Protein chains: 2
Amino acid sequence: MSDTPEQSGARSPQEPSLDEQIAAYQREFRDLDPQVEKVVSALGRLNRRMNVAYGRQVADLGISNAEWEVLKTLVLAGAPYRLGPGELAKRLGLTPAAMTHRIDRMAGEGLVTRDRDENNRVRVIVELTDEGRSKWLEAMRMATDFEEELLQDLSSEERGLLGEMLIRLLRRVEHTQPDAGGRLTDLD
Amino acid sequence: MSDTPEQSGARSPQEPSLDEQIAAYQREFRDLDPQVEKVVSALGRLNRRMNVAYGRQVADLGISNAEWEVLKTLVLAGAPYRLGPGELAKRLGLTPAAMTHRIDRMAGEGLVTRDRDENNRVRVIVELTDEGRSKWLEAMRMATDFEEELLQDLSSEERGLLGEMLIRLLRRVEHTQPDAGGRLTDLD
DNA sequence: GCATCGAACTTTAGTGTTGAAGTCTTCAGG
DNA sequence: CCTGAAGACTTCAACACTAAAGTTCGATGC
């Protein structure tokens with residue numbers, strides 16, 4: 001159980017280890033299934049660390065995590081990499097208002113263009129620029145390298161099994177939490 | 001491959017399914033390992049959905065997800081459930097400035113108290129109130145119910161295996177991304 | 001004991017987000 | 001045509017967070 005932060009001498013009491021945290025929860029909350037809690041806590045922590053890692057990597061390209069999400073969404077839409085602000089907002093889990101501002105910024109930085117649809121003047125078309133696409137490509141290369149490194153300790157069988165189990169959980173959460181158009185936080 | 005969102009008729013083009021998304025990435029980015037991408041994307045999506053679910057549940061108690069994080073951190077510290085703003089900020093991955101404001105709010109709502117340390121007037125002590133503790137307990141009950149439901153499709157062996165694999169990933173990410181006191185986003 | 005340094009917290013300015021109200025375009029009737 | 005309604009985006013006000021500057025108390029050196 002290594003050392004408890006509070007008693008481990010001079011250095012600042014960091015975030016407790018997973019095992020410490022689960023032990024603490026069990027002290028405070030009797031009917032806790034440690035196995036369940038281990039999975040859930042590890043999931044949460046892993047995700048946070050990964051997001052921090054992604055953020056650092058794309059920062060080296062001069063873009064924010066938020067901007068990278070927009071680039072990803074446009075690329076996923078397929079050539080010619082166009083979507084309206086409303087559709088982008090829906091997929092990113094933002095309000096249209098926030099989307100307007102993000103597009104402002106990104107258009108200013110030359111990552112996307114924003115134009116009115118000639119056939120329907122009320123619509124706006126956001127399109128990826130070549131620079132935006134190449135930023136996406138660089139970010140994608142860094143992300144996949146990182147992901148490969150992250151999974152290096154797992155065999156191919158384990159990776160398959162892990163993916164399959166996660167998808168089962170995903171189906172379950174989508175089943176019990178129908179989403180209702182709720183704001184989602186980030187993107188994959 | 002079912003339908004591409006843009007052509008799927010009247011209903012709004014929702015977030016693509018995991019398989020659609022991975023197929024789209026493969027079209028745009030040749031050297032992508034679908035197995036790795038499946039794990040990573042499922043992780044990200046699962047986490048988002050779970051955070052939305054947690055947020056909805058604690059909202060029913062009249063507290064925000066952010067406030068729940070503070071309650072959890074104080075309880076984890078153990079009786080008498082006291083921490084300074086700086087320590088709280090560190091554990092929550094916030095700046096001290098943000099912590100000041102959160103404590104303002106939560107003290108106003110009666111979830112915590114804020115007092116100066118009598119022995120060291122420059123320090124502040126944030127302490128959980130009885131109301132704060134009972135809110136935490138209710139939230140904890142809802143959260144563990146939800147987590148149990150989430151994992152219901154997995155056998156005990158599978159849960160153990162999943163937890164073990166996630167912890168291996170966590171170790172790897174902590175090893176390659178030493179954190180450097182960086183801001184982490186949420187809490188488990 | 002007085003001055004200085006450092007630690008712990010708060011305040012300020014700037015950015016990004018939400019929710020609600022507002023604007024502009026299109027479409028359907030009358 | 002002209003009006004009304006609906007849709008798509010933008011603007012506005014309020015809020016939460018970050019980074020940096022400011023404040024206050026305690027400790028250290030002389």
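This is a predicted model, so every value here is computed, not measured. Note on naming: letters A, B, ... go to the chains in the order of the sequence lines (proteins, then strands), and numbering restarts at 1 for each one. Side-chain atoms are counted along with the backbone in the values below, which use heavy atoms only and exclude waters and symmetry mates.
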Is a salt bridge present between [X] and [Y], judged by a nitrogen-to-oxygen distance below 4.0 Å?
X: B:Glu87; Y: B:Arg91; answer: yes
X: B:Arg49; Y: A:Glu174; answer: yes
X: B:Glu148; Y: B:Arg159; answer: yes

Calculate the interatomic distance between [X] atom [atom1] and [N] atom [atom2]; express it in whole Å.
X: A:Arg121; N: D:dA6; atom1: CZ; atom2: P; result: 24 Å
X: A:Leu83; N: D:dC9; atom1: CG; atom2: P; result: 11 Å
X: A:Arg116; N: D:dG7; atom1: CZ; atom2: C1'; result: 13 Å
X: A:Glu118; N: C:dT25; atom1: CD; atom2: P; result: 12 Å
X: A:Leu88; N: D:dT10; atom1: CG; atom2: P; result: 11 Å
X: B:Met106; N: D:dC15; atom1: CE; atom2: C1'; result: 17 Å
X: B:Asn65; N: C:dT18; atom1: CG; atom2: C1'; result: 16 Å
X: B:Leu94; N: D:dA16; atom1: CG; atom2: C1'; result: 10 Å

With no hydrogens and no angle check, do the side chains of B:Tyr81 and A:Glu28 hold a donor and an acceptor under 3.5 Å apart?
yes
Side-chain atoms of B:Pro96 come closest, of D:dT18, D:dA8, C:dT10, to C:dT10
Could you point out which residue of B:Arg133, B:Arg82, B:Arg114 forms a salt bridge (Lys or Arg N to Asp or Glu O under 4.0 Å) with B:Glu127?
B:Arg82
With the threshold set at under 4.0 Å for non-hydrogen atoms, list the residues of residues 97-105 of chain A touching DNA chain D in residue-number order.
A:Ala97, A:Thr100
With B:Met50, which of A:Val40, A:Asn47, A:Leu169, A:Leu170 fulfils side-chain contact (heavy atoms from CB on, under 4.5 Å)?
A:Val40
Find which nucleotide of DNA chain C each of A:Ala66 and B:Arg114 is nearest to by heavy atoms, and output the residue with the more 5' nucleotide.
B:Arg114
